[in-house]
Student: 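The structure's right below; bear with me while I get my questions together.
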Amino acid sequence: MNGQRPPYLRPADDKDPIWQLLQELPPQWRGPIIGPAIDDWEKITENAKARIKLHGLPETIAAELAWMAHWQALDGTRSSVLATEVAPREWTPDFMRRLTA
């Protein structure tokens, strides 16, 4: 899993919508660490002072998680930082092989 979309799933204008969504996010929501620059972060997250750390993830997954966290905050849904951090790091090729074995 490299975070790249298959070439046959490109939008008609050849611009991946995730990058447009990422550019529309306020700068403090773009990472690589989300939390420290966000007002009332403790009210947004379920995990107190924990931060969402996006470094080391494939770019598209990091962008999607940043967008998802921002959308949840706007919606009033508290975000689980721990779930946001752990799940994508578990989706390694080795993990996926074990899952489908």
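What you are looking at is a predicted structure, and each value in this text was computed from that prediction instead of being measured.
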Student: Give the minimum heavy-atom separation between Leu21 and Trp67, together with the two atoms involved.
Tutor: CD2-NE1, 3.5 Å

Student: Where do Arg30 and Leu54 come nearest, in terms of heavy atoms and distance?
Tutor: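 That closest heavy-atom pairing would be O-CD1, 4.2 Å.
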
Student: Do side-chain atoms of Arg78 reach the backbone of Gly76 as a donor and acceptor pair under 3.5 angstrom?
Tutor: no

Student: Less than 4.5 Å apart, any side-chain heavy atom of Trp19 and any of Thr60?
Tutor: yes

Student: Honestly curious: do Leu25 and Ile33 fall in one hydrophobic cluster under the side-chain, below-4.5 Å linking rule?
Tutor: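 Per the 4.5 Å side-chain linkage, Leu25 and Ile33 are not co-clustered.
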
Student: Minimum heavy-atom separation for Gly35 and Arg51, please, with both atom names.
Tutor: CA-CD, 3.8 Å

Student: May I ask you to test the Lys53-Pro32 pair for a side-chain heavy-atom distance under 4.5 Å?
Tutor: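 No. Closest side-chain heavy atoms not under 4.5 Å.
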
Student: What pairs with Glu24 under side chain to side chain donor-acceptor pair (under 3.5 Å), at least two apart in sequence or on another chain?
Tutor: Gln20

Student: Give every donor-acceptor pair under 3.5 Å between a side-chain atom in residues 38-45 and any protein atom, sequence neighbours left out.
Tutor:
{"residue": "Trp41", "atom": "NE1", "partner": "Ala50", "partner atom": "O", "Å": "2.7"}
{"residue": "Thr45", "atom": "OG1", "partner": "Asn47", "partner atom": "N", "Å": "3.0"}
{"residue": "Thr45", "atom": "OG1", "partner": "Ser79", "partner atom": "O", "Å": "3.2"}

Student: Starting at CD of Glu64, measure out to CG of Leu22 and round the result to the nearest 0.5 Å.
Tutor: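 So the CD of Glu64 and the CG of Leu22 are separated by 10.5 Å.
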
